[in-house]
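Working notes, structure below.
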Amino acid sequence: MNKLMRDGFGRQIDYLRMSVTDRCDFRCVYCMAKNMTFLPRQQVLTLEELQRLAALFVGQGVRKIRLTGGEPLIRPGIVELCRNIAALPGLRELVMTSNGSQLARLARPLAEAGVKRMNISLDSLDAQKFRAITRNGDLDRVLRGIEVARGAGFERIKLNCVVMKGRNFEEVPQLVQYAIEQGIDISFIEEMPLGDVGRSRGESFCSSDEVRALIARHHALLDSTENSGGPARYMRLERHPQTRIGFISPNSHNFCGSCNRVRMTVEGKLLLCLGQDDALDLRGLLRRYPLGDQPLIEAVQQALRRKPWRHDFNPEGTVQVVRFMNMSGG
Ligand code: SAM
Ligand code: SF4
């Protein structure tokens, strides 16, 4: 086992989530405020810098990289970046989280570039509700993206759905049915209190236990010990074994004890925990040491020693971290 990427509690960190942009073509109500300002270009890591950091982390023992954002597919040069990262010796899998809006165009090039699995956000199957949640998303475009992605050659596709009372909770059974028909997985996520999105999150908070009880009214659910290397707990549907139902419950079922990941913002901040503010500025080091990685490696190892034991999200949704999710490599 690699000792270089151990944190102060002995947890092995082999999963890096990299944000490749803070920008997005959607403005989801749980992720962003209505009016957002984005980072100026010089503060954003270049493609070469992103690639250099990916190589550094893989060299230190990271085995899985997830590219995310913002919306990763609106970053120019994303397919080439994927191809270069996927080719890093030692990396087991390159995966991505996307809102699906660009997948009709990019799913095949991405699969061909070496992206193994794709998570696609889908919070509603009703065009109006979808637009209300994403503020400007086009449901048909995303559904077309999912269709193309299914034929593109990914090893697995999973839908991600943030469940909110009064917005999409009642739609959970239809979303499960859609995943069954498509032969893909679906995870239901509890909303996390990241950033001030201009409303109280407590009112719409919906726990994974409530979502599971609603699904259980329609399907026999079987416990599963499966793990895809992330925070989701999985269940199987007795009559539809090809579809896994995941629950990501940062508020109600703390999963920090088995945390194996760190996040990199597109400004090059290494976030040691999604729910805490402590971070290491790697952009400064990258630019100060253009030729040698050793100072960066030492700084990463020191930072890992201060990775906190856990986050402290609560269902009331009080803002504890001012950073928005699009800045966090969610
Ligand atoms: N734009 C891409 C997308 O939406 O899939 C990737 C970035 S997005 C920040 C990554 C995931 O975080 C999405 O599945 C989204 O639903 C989820 N997310 C965003 N804000 C969240 C919040 N406050 N609580 C829980 N999940 C959130
Ligand atoms: Fe964009 Fe994804 Fe955030 Fe929605 S969740 S605003 S799609 S980054």
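None of these values were measured; they are calculated from a predicted model. Both counts, for ligands and for their atoms, begin at 1 and track the order of listing.
Among S98, C31, S19, P72, the residue whose heavy atom lies nearest to atom 5 (S) of ligand 2 is C31.
Listed by number with element, the atoms of ligand 1 under 4.0 Å from a non-hydrogen atom of N160 are 14 (O).
With a 4.0 Å cut-off on non-hydrogen atoms, C28 touches ligand 2 through its backbone as well as its side chain.
Under a 4.0 angstrom heavy-atom cut-off, S121 registers as lying outside contact with ligand 2. Note on ligand 1: C161 sits outside its first shell, no heavy atom being nearer than 4.0 Å.
A donor and an acceptor atom, one from each side chain of E298 and Q302, are nowhere located under 3.5 Å apart. With no hydrogens or angles considered, a side-chain donor-acceptor pair links S101 and N99 at under 3.5 Å.
Of the candidates E171, Q174, R167, K129, E171 is the only one forming a side-chain hydrogen bond (donor to acceptor under 3.5 Å, both in side chains) with S124.
In terms of polar-atom proximity, E71 is counted as a contact of ligand 1, with an N or O under 3.5 Å from an N or O of the ligand. Considering backbone and side-chain atoms together, V162 places no N or O closer than 3.5 Å to any N or O of ligand 1.
Residues that satisfy the side chain to side chain donor-acceptor pair (under 3.5 Å) test with D185, not counting sequence neighbours, are R156, R244.
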Name each donor-acceptor pair under 3.5 Å that joins a side chain in residues 35-44 to protein atoms two or more places apart or in another chain, with its distance.
none

